[in-house]
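Reading through the structure tokens given below for one structure.
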Amino acid sequence: QVQLVESGGGLVQAGDSLTLSCVASGGTLSRYNIAWFRQAPGKERNWVSRINIGGGITYYTDSVKGRFTISRDNAKNIVYLQMNSLKPEDTAVYYCAAGSSILFSASSARYWGQGTQVTVSS
């Protein structure tokens with residue numbers, strides 16, 4: 001059983017940066033593709049970025065392209081989401097999830113973290 005723990009969220013102003021971390025315990029992260037999802041109040045949980053097991057393939061949803069960067073360090077069992085030029089519309093709870101395929105959906109994720117709140121003020 002893999003446990004995922006996110007950290008790094010907080011309250012920032014528009015234009016600021018944050019780096020989220022997702023640390024795995026109880027198993028090796030290197031067996032899974034990882035995605036960051038986010039969920040704003042009253043909205044669905046949507047994927048933000050994905051990275052494959054080896055770290056060489058990444059995906060970003062259109063609204064964060066050029067601003068967010070996903071990376072991973074399998075030796076340290078950690079995945080990062082560097083978020084730059086944050087906007088108020090980025091406000092949400094951010095979750096990391098592990099899945100068997102690179103394009104896994106929220107419903108097919110194997111493991112979830114508990115989430116970390118990101119709030120961007122204008």
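Model, not experiment: these values are computed from the prediction. Heads up: numbering here begins at 1 and tracks the sequence.
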Mind listing the closest non-hydrogen atom pair of Val48 and Val64 along with its distance? O-CG2, 3.8 Å
Measuring from Asp16:CG to Leu11:CG, what's the distance to the nearest 0.5 Å? 9.5 Å
Judged by atom type as modelled, is there a donor-acceptor pair below 3.5 Å linking the side chain of Asn33 to the main-chain atoms of Ile53? yes
Decide whether Thr61 and Ser63 meet the rule of one side-chain donor and one side-chain acceptor closer than 3.5 Å. no
Honestly curious: do Val2 and Ile34 fall in one hydrophobic cluster under the side-chain, below-4.5 Å linking rule? yes
Polar side-chain atom of Arg45 near backbone of Tyr94 as donor-acceptor pair, under 3.5 Å: no
Beyond-backbone contact of Val120 with Gln13, side-chain heavy atoms, under 4.5 angstrom: no
Please check if the side chain of Asn77 supplies one atom and the backbone of Val23 the other of a donor-acceptor pair under 3.5 Å. no
For residues Val118 and Gly9, report the shortest heavy-atom separation together with the two atoms involved. CG2-CA, 4.1 Å
Atom pair OG (Ser121) and NZ (Lys87), whose distance is rounded to the nearest 0.5 Å: 15.5 Å
From Arg38 CZ over to Cys96 SG, what is the distance, rounded to the nearest 0.5 angstrom? 15.5 Å
Has the side chain of Tyr95 got a donor or acceptor atom that lies under 3.5 Å from a matching backbone atom of Glu6? no
Least distance between heavy atoms, Thr91 atom then Ala40 atom: O-CB, 3.8 Å
For the student: nearest non-hydrogen atoms of Ser17 and Val12, plus distance: O-CG1, 4.5 Å
Between Thr119 and Gln117, is there a side-chain donor-acceptor contact under 3.5 Å, judged purely by atom types and distance? yes
Answer yes if Trp47 and Trp112 sit in the same cluster of Ile, Leu, Val, Met, Phe, Trp and Tyr residues linked by side chain heavy atoms under 4.5 Å apart, and no otherwise. yes
From Gln82 CD over to Leu18 CG, what is the distance, rounded to the nearest 0.5 angstrom? 8.5 Å
List the steps, then state whether side-chain contact (heavy atoms from CB on, under 4.5 Å) holds for Arg72 with Leu29. CA-CA 9 Å; Arg72 66 190 298 164; Leu29 206 60; 4.0 Å; yes
Could you state the interatomic distance from OH (Tyr59) to CG (Asn52), rounded to the nearest 0.5 Å? 8.0 Å
Salt bridge check, Asp62 against Lys65: does any charged N sit closer than 4.0 Å to a carboxylate O? yes
Roughly how far, to the nearest 0.5 Å, is OG of Ser49 from CE of Met83? 11.0 Å
Fit a plane to each ring of Phe37 and Phe104, take the angle between them on a 0 to 90° scale, and name the class: parallel (under 30°), tilted (30 to 60°) or perpendicular (over 60°). tilted
Mind listing the closest non-hydrogen atom pair of Ile70 and Ile51 along with its distance? CD1-CG2, 3.6 Å
Is the distance between the ring centroids of Phe68 and Trp36 under 6.0 Å? no
State whether the side chain of Arg67 and the backbone N or O of Ser85 hold a donor-acceptor pair below 3.5 Å, judged by distance alone. yes
Looking at Tyr32, does the NZ or CZ of Arg110 lie under 6.0 angstrom from its six-membered ring centre and within 45 degrees of the ring axis? no
